[in-house]
Amino acid sequence: MIQVLDQKTINQIAAGEVIERPAAVVKELVENAIDAGASAITVEIKEGGISFIRVTDNGTGIHRDEIKTAFLRHATSKIRSLEDLLSVSSLGFRGEALSSIAAVAQVELITKERGEITGVRYEIEGGTEKSWEEIGCPEGTTFLVRNLFYNTPARRKFLKTKTTEGNYIQELVLRYSLAHSEIRFTFMADGKNKLQTSGDGQVKTNIYYNYGNDVTKCLIPIEQEQNGIRLSGFIGKPELSRGNRGFLHYFVNGRYIKSPIITKAIEDAYKEFLMNHRYPFVTLFLTIDSRLIDVNVHPAKMEIRFTNQEEIYYFFYHTIYDTLKNITLIPEVGLEPEKGPKPSMPVLTPKRSAEPFEQVRQTTDYKAVSVPRQEERAFNQLNLLKEELIQEEVPQFRIIGQVFDTYWLLEYESKLLIIDQHAAHEKVLYEKLMNRLKEKKGLTQNLAAPVVISISGREQEVLQKNWEIFCQIGFTLEPFGDREYLVTGIPADFLNIPSRELFLEMLDGMLEERPGDKRNPEMVLEHCATMACKAAVKGNNQLSFAEAKTLFEEMLQMEQPYHCPHGRPTTIAMSKQEFEKKFKRIL
């Protein structure tokens, strides 16, 4: 039987569309504060915002006769008709926020208009009015939201940990502080001051407050205008790249949004300057005629639609690309790319079950002995261990030489082995790292000059969850303030990677949460492979014969030596028989 739902159920359903977590409450209240002309906004939370949220502003306040109306569904001061949606410029406009919050929480409102003698204190719980009284209070508005989802426990179960929910709120306030540098923002969690801005109107100042000097010094200002569209803000130099999109901040008419068109334009503009799976730092502001965008796309107002999408794409792309091209020095490579062997040439990958070389390798025991490096080279990645054989002899191979500064030719019995030095070294470093994870024994090189690194709240949470993994890999860390950590040691085989980059590489990879794998060392396999790739000796690096021999002997100890962590072959082989066929010695 079809029934008309009661108003309480209708309100809770509507709340589910807008208020899915504490950060959504803060979002709606902060946007209302901004729209009210506030020059100072304070956000305070307890237990990730689940038990307590307070948002205080010094804006215009709410007229006492409109307070109760403000908590009705579809009540808003921002629009009057359907046509207004085409030119809306305020952040909040749907008229669902206060009604939705009040439907699932205990809400207290304290507000006073400018010029009034007294203010009003109003309480509403679960959509039901509880009290109304006149009180003395400062000008502006304060919202207190307690016990979110207290009357919908099923929805409360879907919330994440208190720390995670709190970090979502901190990131939200961070974004608003970037978008509105003219407003003084304060964010406090469980009595601790987590974020404070000056409200001096300087975006770069707020970037410094939020990300520190290391980021700020690598910023490039941009400002471009065409056809009435203006793009301004800051982009990061390529060396500021990270392993996730967490540094992509862009705003349209002061609103933080997500747009596939803009994201693609930014990443395409950086494509020539960054390695794969690296993402830039940008804080960009697009000012555009509001009639050219549709903000009424998503209940959370996070997505917008452009009427001139192609123009927006190319505007972002060319502004960023041209800026990078003018300031970035592209290194010149002297070697021309060479074509590999023709597809018709037979190459034989050694197989462990059939290859005599592999059979000898599997039955050989090795003992590692440390040897000092003979010389300093630009590619000092080869911090390898010299291997000596006990019971039997090392499989005898003869190094013929190196071609194209990358591939080594080895003669073994009736085969020619061709080894990629980068893939081989990458494999050695990767398996060493994975063995340490399994054995929980990190090999650490202490730093002569420890490095201080500032991280975000979310990064801090991920670091704490995976602290043991960092230690097992070989990092030594210690807290050095609220969101700062002192890196005093790094994995011994990765000395050629800058300490800061090495640490952030691992941390970035862990930011993508995988349910069920949060504490499993296997979750970092891909990122260990990336570290090994970055640390391995590169092609075009000339190794001495002694260095190459040490590397190949070490490679033969690996469990799966014939492919690098990314699946590329480290070794291919060509038999004497194949040579004789090619030279027509045999048919």
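Quick note: residue numbers are just sequence positions, from 1.
Under the 4.5 Å side-chain criterion, counting only non-hydrogen atoms from C-beta, Ser181 is not in contact with Thr197. Under the 4.5 Å side-chain criterion, counting only non-hydrogen atoms from C-beta, Ile101 is in contact with Val107. Using a 4.5 Å heavy-atom cutoff, the side chains of Leu507 and Ile453 are not in contact. Residues Arg483 and Ser454 fail the side-chain proximity criterion, which asks for heavy atoms closer than 4.5 Å. At least one side-chain heavy atom of Asn167 sits less than 4.5 Å from a side-chain heavy atom of Gln170. Counting heavy atoms from C-beta outward, Leu463 and Ile455 have side chains that approach closer than 4.5 Å. In this structure the side chain of Leu178 reaches within 4.5 angstrom of the side chain of Ile207, judged on heavy atoms. In this structure, Gln196 and Arg184 have side chains that are in contact, with non-hydrogen atoms separated by less than 4.5 Å.
Ion pairing between a basic and an acidic side chain is recognised when a charged N comes within 4.0 Å of a carboxylate O; Asp482 and Lys192 show no such pairing. Under 4.0 Å is where a charged nitrogen must lie from a carboxylate oxygen, and between Arg242 and Glu459 at least one such pair does. Taking a cutoff of 4.0 Å between a charged side-chain nitrogen and a carboxylate oxygen, Glu133 and Arg121 qualify as a salt bridge. With respect to the salt-bridge test (charged N to carboxylate O, under 4.0 angstrom), the residues Glu47 and Lys162 qualify. In summary, Arg245 and Glu267 engage in a salt bridge, as defined by a charged side-chain N under 4.0 Å from a carboxylate O. The pair Glu134-Arg64 counts as a salt bridge, with a side-chain nitrogen and a carboxylate oxygen less than 4.0 angstrom apart. One finds no salt bridge joining Lys130 and Glu108 here, because no Lys/Arg side-chain nitrogen approaches an Asp/Glu carboxylate oxygen to under 4.0 Å. Salt-bridge formation is detected for the pair Arg54/Glu44: a Lys NZ or Arg NE/NH1/NH2 atom is positioned less than 4.0 Å from an Asp or Glu carboxylate oxygen.
In this structure, Lys112 contributes its side chain and Cys137 its backbone to a donor-acceptor pair below 3.5 Å. Listed for the Thr186 side chain is no donor-acceptor partner under 3.5 Å among the backbone atoms of Thr42. At distances below 3.5 Å, not a single donor-acceptor pair connects side-chain atoms of Gln309 with backbone N or O atoms of Ile261. Using modelled atom types, one side-chain atom of Asn253 and one backbone atom of Ile288 make a donor-acceptor pair closer than 3.5 Å. In this structure, Asn193 contributes its side chain and Met188 its backbone to no donor-acceptor pair below 3.5 Å. With His180 contributing its side chain and Glu182 its backbone, the two residues share no donor-acceptor pair below 3.5 Å. Proximity of a side-chain donor or acceptor of Arg500 to a complementary backbone N or O of Val452 within less than 3.5 Å is detected. Distance alone, capped at 3.5 Å, is enough to place a donor-acceptor pair between the Thr488 side chain and the Thr476 backbone.
For the pair Ser51 and Lys46, the tightest heavy-atom approach, listed with the atom from each and the gap, is OG-O, 3.4 Å. Taking each heavy atom of Val145 and Ala105 in turn, the nearest pair found is CG1-CB, 3.6 Å. Taking each heavy atom of Ile19 and Ala24 in turn, the nearest pair found is CA-CB, 4.0 Å. When all heavy atoms of Arg156 and Ile50 are compared, the pair lying nearest together is NH2-CG2, 3.0 Å. The shortest non-hydrogen separation linking Leu174 to His249 is CD2-NE2, 4.2 Å. Between Thr319 and Phe315, the closest heavy-atom pair is OG1-O, 2.7 Å.
Using modelled atom types and a 3.5 Å distance limit, the side chains of Ser39 and Asn58 yield a donor-acceptor pair. Between the side chains of Asn227 and Glu311, at least one donor N or O sits under 3.5 Å from an acceptor N or O. Residues Thr164 and Glu461 have side chains that bring a donor and an acceptor to within less than 3.5 angstrom of each other. If you check the side chains of Arg278 and Ser241, you find a donor sitting under 3.5 Å from an acceptor. Looking at Glu31 and Tyr176, their side chains do bring a donor and an acceptor atom within 3.5 Å of each other. One side chain, Asn210 or Ser177, offers a donor N or O that lies under 3.5 Å from an acceptor on the other.
By the 30° and 60° cut-offs, the orientation of the rings of Phe281 relative to Phe247 is perpendicular. Using the six-membered ring where Trp is involved, Tyr317 and Tyr313 have ring planes that are parallel, under 30° apart on the 30 and 60° scheme. Between Tyr122 and Phe71, the ring planes are tilted. Angles from 30° to 60° get that label. Ring-plane geometry between Phe251 and Phe285 is classed as parallel, the angle between the planes falling under 30 degrees on a 0 to 90 degree scale with a further cut at 60.
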| request: Decide yes or no on side chain to side chain donor-acceptor pair (under 3.5 Å) for Glu223 and Ser232, but give the supporting numbers first. | output: CA-CA 4 Å; Glu223 187 164 347; Ser232 61; 5.8 Å; no
| Between Glu171 and Arg458, does a side-chain contact (heavy atoms from CB on, under 4.5 Å) hold up when you go through it step by step? | CA-CA 8 Å; Glu171 289 184 7; Arg458 186 183 174 200; 3.1 Å; yes
| query | Stepwise, does the side-chain contact (heavy atoms from CB on, under 4.5 Å) test hold for Phe316 with Leu231? | reply | CA-CA 8 Å; Phe316 269 83; Leu231 181 62; 3.6 Å; yes
| said: For a side-chain contact (heavy atoms from CB on, under 4.5 Å) check, start with the C-alpha distance between Ile266 and Tyr250, then their side-chain angles and the critical distance, and finish with the verdict. | reply: CA-CA 10 Å; Ile266 294 171; Tyr250 47 83; 3.8 Å; yes
| field | Intermediate values then yes/no, side-chain contact (heavy atoms from CB on, under 4.5 Å), Glu139 and Glu116 | value | CA-CA 8 Å; Glu139 293 180 350; Glu116 291 290 317; over 6 Å; no
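Atom CZ of Phe480 sits in a sparse spot, with 12 or fewer heavy atoms from other residues, nucleotides or ligands closer than 6.0 Å. Few gaps surround CZ on Phe52; more than 12 heavy atoms of other groups in view lie less than 6.0 Å from it. The environment of Ile135 atom CD1 is dense: over 12 non-hydrogen atoms of other residues, nucleotides or ligands sit within 6.0 angstrom.
Seen from the ring of Tyr256, Arg175 counts as a face-on cation partner, given the 6.0 Å and 45° thresholds.
Side-chain rings of Tyr485 and Phe503 stay apart, their centers remaining 6.0 Å or farther from each other.
Distance check, rounded to the nearest 0.5 Å: CD1 of Ile312 to CD1 of Ile229 gives 4.0 Å.
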